[in-house]
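Each chain gets a letter, A, B and so on, in the order its sequence line appears, and its residues count up from 1. Note that these values count all heavy atoms, side chains included, but never hydrogens, waters or copies made by symmetry. Note that this is a predicted model, so its numbers are computed, not measured.
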Protein chains: 2
Amino acid sequence: MNKSETDFYQVFTDLQCFILANMNRGNIHGVTATHYNIMEYIYRGRQVTGKQIAEAFQISQAAISKQLKFLTENRLIKQQQSTIDRRFFDLTLTDQGRYIIDNSENFRESIAKKASRSLTKDELKTLTLLLHKLMQQIKE
Amino acid sequence: MNKSETDFYQVFTDLQCFILANMNRGNIHGVTATHYNIMEYIYRGRQVTGKQIAEAFQISQAAISKQLKFLTENRLIKQQQSTIDRRFFDLTLTDQGRYIIDNSENFRESIAKKASRSLTKDELKTLTLLLHKLMQQIKE
DNA sequence: TAGTTTAGTTAACTTTGTTAAGTATTATGT
DNA sequence: ACATAATACTTAACAAAGTTAACTAAACTA
């Protein structure tokens, strides 16, 4: 690694440590980060299935199945067997689930706010642009 | 959240998902990311103790104790009771441990390389600078 | 219509974290 | 000097969240 790469490596190490350390903090409304992420995914998508969530988060369907069971038992989501193809379950948030998503300042939101506090508007734009460019390359 | 914050939020979401999904991949030499991170911390520091590692990674001392036991049993690190204060254990890598750290391209290293491929040198510098600034604010 | 594929579930297990209580060692206040 | 407190670490019992493998039920297909 050359100098610029090493510098980037260091700050990225910091960021990674921070993300890992803070991910499962908070437990807003008794909901863990994993639950929150799944609920958010359901909220933002349309006709979301378990399989899709498993692929999005890159974990096994079995794991998602367990989480969805928990969320259903706790009345945060509803699972309704699709009438078109009864192998699928349409997932939607309950009122309570929607309330949590709407009213929780999550981890990323708090980072975003801190970002706009510590950087100028132009800096934030540049950072967003560069991160976006980076992510494009990384995800290949 | 305003527009710039929302944009940042989106790309940060991407980044976070990626980090979480890819963290425990690889298992280079049969060593998980957690083991790797601890070993790297021991390697880079001097007179590292279990307590320090626990604080650095923000997990309990008990968890670190278990990981250190595993690493010692697998001859990746050595724990030697300090002669100055016998409550402490000086941690060092074994030859095998050092070999692994020296010869593994870890997750962050591969990101750094992709970063320098997808961005110009100036862009990478700017990104590093802005991320650094952000991290300063975030860690308060 | 028999065989295959797909979505999801369940069971048994692993990893990695937690808290609480314990040991051994060192520091401290009277 | 010595009881008490603090520190570094370990152990045990447990919890959360993931894994694989085997299963059900539904839909596709040749």
B:Gln137: side-chain hydrogen bond (donor to acceptor under 3.5 Å, both in side chains) partners, not counting sequence neighbours: none
Quick one: side-chain hydrogen bond (donor to acceptor under 3.5 Å, both in side chains) partners of A:Asp90, sequence neighbours excluded? none
Separation of atom NZ in A:Lys51 from atom C1' in C:dT6, rounded to whole Å: 7 Å
D:dA16 phosphate, OP1 or OP2, under 4.0 Å from A:Thr34 side-chain N/O: no
For residues 59-70 of chain A, which side-chain N or O atoms pair as donor and acceptor with protein atoms under 3.5 Å away, sequence neighbours left out?
unit_1  : atom_1 : unit_2  : atom_2 : d
A:Ser60 : OG     : A:Ala63 : N      : 3.2
A:Gln67 : OE1    : A:His35 : NE2    : 2.9

Could you tell me the separation between the CD1 atom of A:Ile59 and the P atom of C:dT14, rounded to a whole number of Å? 20 Å
In whole angstrom, what separates A:Ile84's CD1 from D:dC28's C1'? 16 Å
Measure from CD1 on A:Ile53 to C1' on D:dG18 and round the result to the nearest Å. 16 Å
Evaluate whether atom NZ of B:Lys125 has more than 12 neighbouring non-hydrogen atoms of other residues, nucleotides or ligands under 6.0 angstrom away. no
What pairs with A:Thr83 under side-chain contact (heavy atoms from CB on, under 4.5 Å), at least two apart in sequence or on another chain? none
Can you see if the side chain of B:Gln61 gets near the phosphate of C:dT18 - specifically, an N or O under 4.0 Å from OP1 or OP2? no
Report the residue (A:Ala62 or A:Asp85) whose heavy-atom-nearest nucleotide on DNA chain C is the more 5′ of the two. A:Asp85
When A:Phe88 and A:Lys69 are each assigned the nearest nucleotide of DNA chain C, the 5'-most assignment goes to A:Phe88
Please state how far atom CD in A:Gln52 lies from atom C1' in C:dT6, giving the value in whole angstrom units. 14 Å
Residues in contact with DNA chain D, drawn from residues 39-47 of chain B - heavy-atom cutoff 4.0 Å: none
Whole angstroms only, please: what is the CZ-P distance between B:Phe70 and C:dT14? 14 Å
On a plain distance test, is the side chain of A:Lys66 in donor-acceptor contact with the base of D:dG18 below 3.5 Å? yes
Closest to side chain of B:Arg87, choosing from C:dT26, D:dT10, C:dA7: C:dT26
Roughly how many Å is it from CD1 in A:Ile64 to P in D:dA17, rounded to a whole number? 12 Å
It should be established whether A:Arg86 places a side-chain nitrogen or oxygen under 4.0 Å from OP1 or OP2 of nucleotide D:dA27. yes
So what does A:Gln79 touch, heavy atoms closer than 4.0 Å: a base, only the sugar-phosphate, or nothing? sugar-phosphate
Salt bridge check, A:Arg108 against A:Glu40: does any charged N sit closer than 4.0 Å to a carboxylate O? yes
Side chain of A:Thr49 only, please: which of C:dT26, C:dG8, D:dC9 is the nearest? C:dG8
If only side-chain N and O atoms of B:Thr32 are considered, is one of them under 4.0 Å from the OP1 or OP2 phosphate oxygen of C:dT16? yes
Residue-phosphate contact under 4.0 Å: A:Ser60 side-chain N/O, D:dT19 OP1/OP2: yes
Expressed as a whole number of angstroms, how long is the span from A:Asp90:CG to C:dA7:P? 14 Å
Which residues satisfy the side-chain hydrogen bond (donor to acceptor under 3.5 Å, both in side chains) test with B:Lys133, sequence neighbours excluded? A:Glu123
Between D:dA25 and A:Gln81, is there an OP1 or OP2 to side-chain N/O distance shorter than 4.0 Å? no
Is there a side-chain contact between A:Tyr43 and A:Asp102, using heavy atoms and a 4.5 Å cut-off? yes
